[in-house]
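Okay, so here's the structure we're looking at.
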Protein chains: 4
Amino acid sequence: MSKKQDIMAATLDLIDEEGLQSVTFAKIFKKANVGSGTIYNYFANKEELVNAVYREARLLMGEYLLKGYDPEASLYERFKCLQLNRLKFGMHHPKEFLFIDSFSFSPYISPELRDMDDAQNSREVILSLIIEGQKQGVFKEMDSHLCHQLIHGIISSILKGYYVQKYPLNEIQTQQVLEASWKAILV
Amino acid sequence: MSKKQDIMAATLDLIDEEGLQSVTFAKIFKKANVGSGTIYNYFANKEELVNAVYREARLLMGEYLLKGYDPEASLYERFKCLQLNRLKFGMHHPKEFLFIDSFSFSPYISPELRDMDDAQNSREVILSLIIEGQKQGVFKEMDSHLCHQLIHGIISSILKGYYVQKYPLNEIQTQQVLEASWKAILV
Amino acid sequence: MSKKQDIMAATLDLIDEEGLQSVTFAKIFKKANVGSGTIYNYFANKEELVNAVYREARLLMGEYLLKGYDPEASLYERFKCLQLNRLKFGMHHPKEFLFIDSFSFSPYISPELRDMDDAQNSREVILSLIIEGQKQGVFKEMDSHLCHQLIHGIISSILKGYYVQKYPLNEIQTQQVLEASWKAILV
Amino acid sequence: MSKKQDIMAATLDLIDEEGLQSVTFAKIFKKANVGSGTIYNYFANKEELVNAVYREARLLMGEYLLKGYDPEASLYERFKCLQLNRLKFGMHHPKEFLFIDSFSFSPYISPELRDMDDAQNSREVILSLIIEGQKQGVFKEMDSHLCHQLIHGIISSILKGYYVQKYPLNEIQTQQVLEASWKAILV
DNA sequence: TATGAATGAGGCTTCATTCAT
DNA sequence: TATGAATGAAGCCTCATTCAT
């Protein structure tokens, strides 16, 4: 692994372990096993480092969200695929998920980055699906962004409870969550 | 207003405006109009101050959540009351809501405080209501904490979108959100 | 002496001893016997500190240059007074003189400060005197700024040689220098 | 041009543009178009580099000062030649002149180097000339080093004013300056 | 109780220097 | 000889905290 990747991985680990506010360069250098000046060969300052870590996490998530998405499948199948992908992403990449969730609206993250297109523009896919479902009379008529926020929020919230081990998230709970988010927006 | 309250109010304002990570004592002193030593008459250190602000916000929320709650009302009425109270609290106290939401799982907040009982123990009320609904066969059988997290998460997520003005939250949207959270957990 | 004055005195001493480029905060704090943060109660940063030291030195010099100046005295008396004052200032305040001489054109000193009026505007007095002498046909006709630079430069140069003990500067040498600068610009 | 010369030229340019205190190796490497390690093939460290640049400037000046010097010419002619050479050197090699002037008494330059003999020992020539003039009763009796410093100082000072465009230095001003320095030391 | 000058540990960053290629 | 990624000592500066008033 390159020094640059070492540094970024150590940064994400530390953010997850202690929160961004307590991540210092000293901790990063120690964990990444690099000299204190090495980071400046790759990042102009701390903010750029954090933004780079954020960008990488977003790219990873963007890839993940559309895994196995079949535009020809039924509305229900497509909905479940998107929601499951998001849930699985959070379960398999907790550090990335929490970092994105916490800092998307932090002043530490530059606005352009926050609004970056995910790898394959998953947001657009989900919004289209919502509008399609509403046109078919399957989903309740409401502001599409409100609807998006709603089903997205269910996944986020469930993941946060899972992280602190409020409950397990096995196959059965996973299905319950997907069902709940589907039913929430039905007519 | 007492100096203590001045300090706590200034702290919450600053956290809301700039994020906890960039709140310094110097800014608090300036905004609260007190001398730099004054705080130590009330709080042993910065962590205690932040925890006190957190505790106050939680107490305020706890009060709010059970406003107008009638234990004799129907399951549906009681559910709607609790969800609406949470939503209204977030709308009327955005600083408090966001602070609680962001820092409930932060290492900055002591664990005992995070798990504190609200003023009138609103969490217990909600959990009881969930279990009651499940026993009646109205709510789907699932882990009650999962269920709680689910309906709580819908409100939180909707509020965050509202704060960044993704959509309005008038009477009609409010009803849609309450309906969605109700339908999400029906059998 | 106040902390602020301690800091400024230590800074000037260090500049004299080691040159501005090697003056570090650590050295200043040690020599001034103050904590490392104390300086920021008085100066926003290192540049402001150095500029403040420069301003003080300029004010001191400005006062000195017009000491005992009698506008009614003869041209020769007035010329000697100004030149002697400059020489005496350099002999009695070598640190201030060298600092001003070295850094007046350094980017470290802000342009407004460099062009500040001395206490009683000694530069104007000298220039007037030069022009007056030229009108009387005593001084050679030449650009007044060139003439000013010439007689000023003699003093500066003589002082620098004195500082490194190339020669003594007793009463006799002093008179020789004043005579030389007077004769240099006669018709 | 060799890499070594590239490095030295870049260093002198940068010292002239920004002052020694802000010249970093990174800037030198960039301007000289060499790799960051290359310098260490030629100079053990930064101080040696700066001293080498200083030595080169001094050699260049030493050569210049005795250009066209005719030991057989009259005292006046020889004096004018030496003074004019110094003035012309400063006008044609401002970077070298200022660097020498600023750092001759800086702790950055090693004492041996500061007192180095110029290529053809111009200092000795000037001192001899002064003593000769005094013996002839043309120059005023005074410490020869004081006298040397005096006429040298006039040239230095005039050049510094010229660099900041206080006045032009055409044929007429040049002659005025030479005359002034001659008259300054006459009996 | 209220103040704010003083403190110093620790933060981020720079930059001369090394060393493997 | 030429390179530049890596280094870490040391620089400047911030800020929570103390203490004399």
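The structure presented is a predicted model; accordingly, all values stated were derived computationally and were not measured. First the proteins, then the strands, lettered A, B, ... as listed; each starts at 1.
- Remark: B:Ser102 engages no residue in a side chain to side chain contact (heavy atoms under 4.5 Å, CB included) (not counting sequence neighbours).
- Between D:His92 and D:Tyr64, the two ring planes are tilted [angle within 30° to 60°].
- Between the side chain of A:Ser36 and the base of F:dA9, a donor-acceptor pair under 3.5 Å is found.
- Closest approach of C:Ala57 and C:Glu96 over heavy atoms only: CB-CG, 3.8 Å.
- In this structure, the side chain to side chain contact (heavy atoms under 4.5 Å, CB included) partners of C:Tyr40, at least two apart in sequence or on a different chain, are C:Phe25.
- To the nearest 0.5 Å, atom CZ of residue B:Arg55 and atom CG of residue B:Leu113 are 5.0 Å apart.
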Exercise for the section: Mind running side-chain contact (heavy atoms from CB on, under 4.5 Å) on A:Phe29 and A:Thr38 for me, showing each step along the way? Expected result: CA-CA 9 Å; A:Phe29 299 144; A:Thr38 302; over 6 Å; no
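- If you check residues 12-19 of chain A against DNA chain E, you find no residue with a heavy atom closer than 4.0 Å.
- Of all the heavy atoms in C:Lys31 and C:Ala10, the pair that sits closest is CG-CB, 3.8 Å.
- Of all the residues in residues 21-31 of chain C, C:Val23, C:Thr24, C:Phe25 reach under 4.0 Å from DNA chain F with at least one non-hydrogen atom.
- Checked against side chain to side chain contact (heavy atoms under 4.5 Å, CB included), A:Ser22 has the following partners two or more places apart in sequence or in another chain: A:Glu18, A:Lys27.
- Not counting sequence neighbours, B:Asp16 has no partner by the salt bridge (Lys or Arg N to Asp or Glu O under 4.0 Å) test.
- Taking a 4.0 Å limit (strictly below) on heavy-atom distances, residues 37-49 of chain D reaches DNA chain E at D:Tyr40, D:Asn45, D:Lys46.
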Handout entry: Intra- and interstrand pairs of DNA chain F - dot-bracket, Watson-Crick/G-U under 3.5 Å, | marks other strand
Key = .||||||||||||||||||||
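- Residues that satisfy the salt bridge (Lys or Arg N to Asp or Glu O under 4.0 Å) test with B:Lys95, not counting sequence neighbours, are B:Asp13.
- Side-chain contact between B:Ile28 and B:Leu14 is present, with heavy atoms from C-beta onward closer than 4.5 Å.
- Running 5' to 3' along DNA chain E, contacts with non-hydrogen atoms of chain D at under 4.0 Å begin and end at E:dC15 to E:dT18.
- Within 6.0 Å of the CD atom in A:Glu56, the count of heavy atoms belonging to other residues, nucleotides or ligands does not exceed 12.
- When side chains are defined from C-beta on, A:Phe43 counts as touching A:Ile7, because their heavy atoms get closer than 4.5 Å.
- Scored by the side chain to side chain contact (heavy atoms under 4.5 Å, CB included) test, D:Val53 finds D:Met8, D:Thr11, D:Leu12, D:Leu49, D:Phe99 as partners (sequence neighbours excluded).
- When the salt bridge (Lys or Arg N to Asp or Glu O under 4.0 Å) test is applied to B:Lys4, no partner is found at least two apart in sequence or on another chain.
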